[in-house]
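Remarks on the structure that follows.
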There are 2 protein chains.
Amino acid sequence: MKADFRALKQELRQRIVQGIWPPGTLLPNEVDLAAEFSCARATVNRAMRELAEEGLVERKRKAGTRVRQAPLRQARFSIPLVRQEIEAQGAAYRYALVRREEQDAPDWLRARLGLGLGARVLHLICMHYADGNPYQLEDRWINLEALPDAAGADFAATGPNEWLVEAVPFSDAEISFSALAADPETARYLSCTAGDALFMAERSTWWEEQAITYVRLKFQRGYRMTTRY
Amino acid sequence: MKADFRALKQELRQRIVQGIWPPGTLLPNEVDLAAEFSCARATVNRAMRELAEEGLVERKRKAGTRVRQAPLRQARFSIPLVRQEIEAQGAAYRYALVRREEQDAPDWLRARLGLGLGARVLHLICMHYADGNPYQLEDRWINLEALPDAAGADFAATGPNEWLVEAVPFSDAEISFSALAADPETARYLSCTAGDALFMAERSTWWEEQAITYVRLKFQRGYRMTTRY
DNA sequence: AAGTGGTCTAGACCACATT
DNA sequence: ATGTGGTCTAGACCACTTA
């Protein structure tokens, strides 16, 4: 029974999923599986390694490979740029800059991003529309110490998101999702009622240990973030 | 310069992140990189493959490997069992069954899960507490055709989640997150005010193409789901 | 002390997409 | 037709963990 690593992985997955190897089972070692499937150990290793990455099995040297008791449930979300998200739905994208202000970083922001006293930031409020309907309210703070160029950038035509991707393409981020009630101003922008439940994403971004930006994205009522796993 | 695949990956990542290889750049091919780093091509392949999985580069046969224009933003969330999530915070976990009813599946549920006319389901409402405080309201529907055993199970002591993990350990799922306003009954259970903005997760689960369960998880006010990427 | 997975090597063949 | 990544092989050595 010759097998490439995909077929092998699929076969092992079947044995686990269908209960032939129930949770807790110790799987045969790599050498034995290589013999059973007439392939090299490296091939078995690749298949098993990927199953481990997916959370289906747990591997330990000397202890061997076991089927996980509680399957590790993990989901992957892709986080597109708003423009792409909207255009992917076949809707027309429109952007508007609502407010733009250079100021001292408020205390909560300095704490969150680890900025020093008297740090200057650029505060932007922007709207993103899909087919003319409010889609997302973007409340963004950019660390001017890390990105002095931002002070000279005009965000009237292009959103800060796309500007930032150009300026700092690769970075580390912490993201979180929550629900919040719309305050009156947000409600006006998103054409909803004050107190409406909105989905919010927050993201803090760093590059080389230096804080770049913090943003709150408040979505239209009824927004859902979906994935499969 | 000898290198294991981790060191190699880190070095390549640095060149990308620091702008030595800006977005769009065509990277050297695997053979050349293997020569530069004095290692086997398989080692280069592993490093590059992982960078591709992370969305940093894009690989095509014959075309070579390029730095992605827009970094693929994707985040991974682990989806723990409520009990584990609560106990991981150092809080005491308590579970309570609120309601339990066997009934015909309502139309919206049949549509969502693809059930036939007259399908029977078990409807459960449960509460999960952390240190005595309401943490999560679980509104669950189980397809009795797929899991007849559920009818005989007593969910008074153990939550359906843990029972299901035993009965159907590995499955496919679709999950989505959204915000909703608390209805009066939900508000009573979660000790909040009707209309409060709550974070909700919904999950539909299948096993071998057959619908198993649909669940709505409404979280305490202020709940945040966080990750890094 | 011994068994397991983790990784590397050198070579090979193949599939694919571009030229 | 050609160059690139994708994968497999057979062998080797090592690192970690448990018995």
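Here B:E54 pairs with B:K9 in a salt bridge; the nearest charged N to carboxylate O distance falls below 4.0 Å. Salt bridge A:R59/A:E50: absent, no basic N to carboxylate O contact under 4.0 Å. Note on B:E58 versus B:R68: salt bridge recorded, some NZ/NE/NH1/NH2 to OD/OE distance being below 4.0 Å. Classification of B:E174 and A:R228 as a salt-bridged pair holds, one side-chain N sitting under 4.0 Å from a carboxylate O. In summary, B:E138 and B:R216 do not engage in a salt bridge, as defined by a charged side-chain N under 4.0 Å from a carboxylate O. Using a cutoff of 4.0 Å between basic side-chain nitrogens and carboxylate oxygens, B:E36 and B:R15 are scored as salt-bridged.
Contacts of residues 24-32 of chain B with DNA chain D (heavy atom under 4.0 Å): B:N29, B:E30. Using a 4.0 Å cutoff on non-hydrogen atoms, the parts of residues 43-56 of chain A near DNA chain D are A:T43, A:R46, ordered by number.
Ring to ring, B:F199 and B:F177 are close: their centroids are under 6.0 angstrom apart. For an aromatic pair to be called close, the ring centres must be under 6.0 Å apart, and B:Y129 with B:Y135 fails this.
Rounded to an integer number of Å, the gap from CG of A:D4 to C1' of D:dT7 is 8 Å. What separates CZ of A:F37 from C1' of D:dT9 is a distance of 18 Å, to the nearest Å. Taking atom CZ of residue A:R66 and atom C1' of nucleotide C:dG5, one finds them 14 Å apart after rounding to whole Å. Counting to the nearest Å, the C1' atom of C:dT7 and the NZ atom of B:K9 are 14 Å from each other.
Cation-pi contact between B:R83 and B:Y93: absent, since separation from the ring centre below 6.0 Å together with deviation from the ring axis within 45° is not met. Cation-pi geometry between B:R46 and B:F5 is satisfied (NZ or CZ under 6.0 Å from the ring centre, within 45° of the ring normal).
Put simply, A:T65 has no side-chain N or O that comes within less than 4.0 Å of OP1 or OP2 on C:dT4. At least one side-chain nitrogen or oxygen of B:R59 sits closer than 4.0 Å to the OP1 or OP2 atom of D:dG6.
In this structure, CG on B:D139 lies 8.0 Å from OH on B:Y214, to the nearest 0.5 angstrom.
Of the residues near DNA chain D, A:K60 and A:R6, the one whose nearest nucleotide (by heavy atom distance) lies more toward the 5' end is A:R6.
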**Asked** What does nucleotides 10-16 of chain D look like as a protein-contact string, B for base, S for sugar-phosphate only, - for none, at under 4.0 angstrom between heavy atoms?
**Response** --B--BB
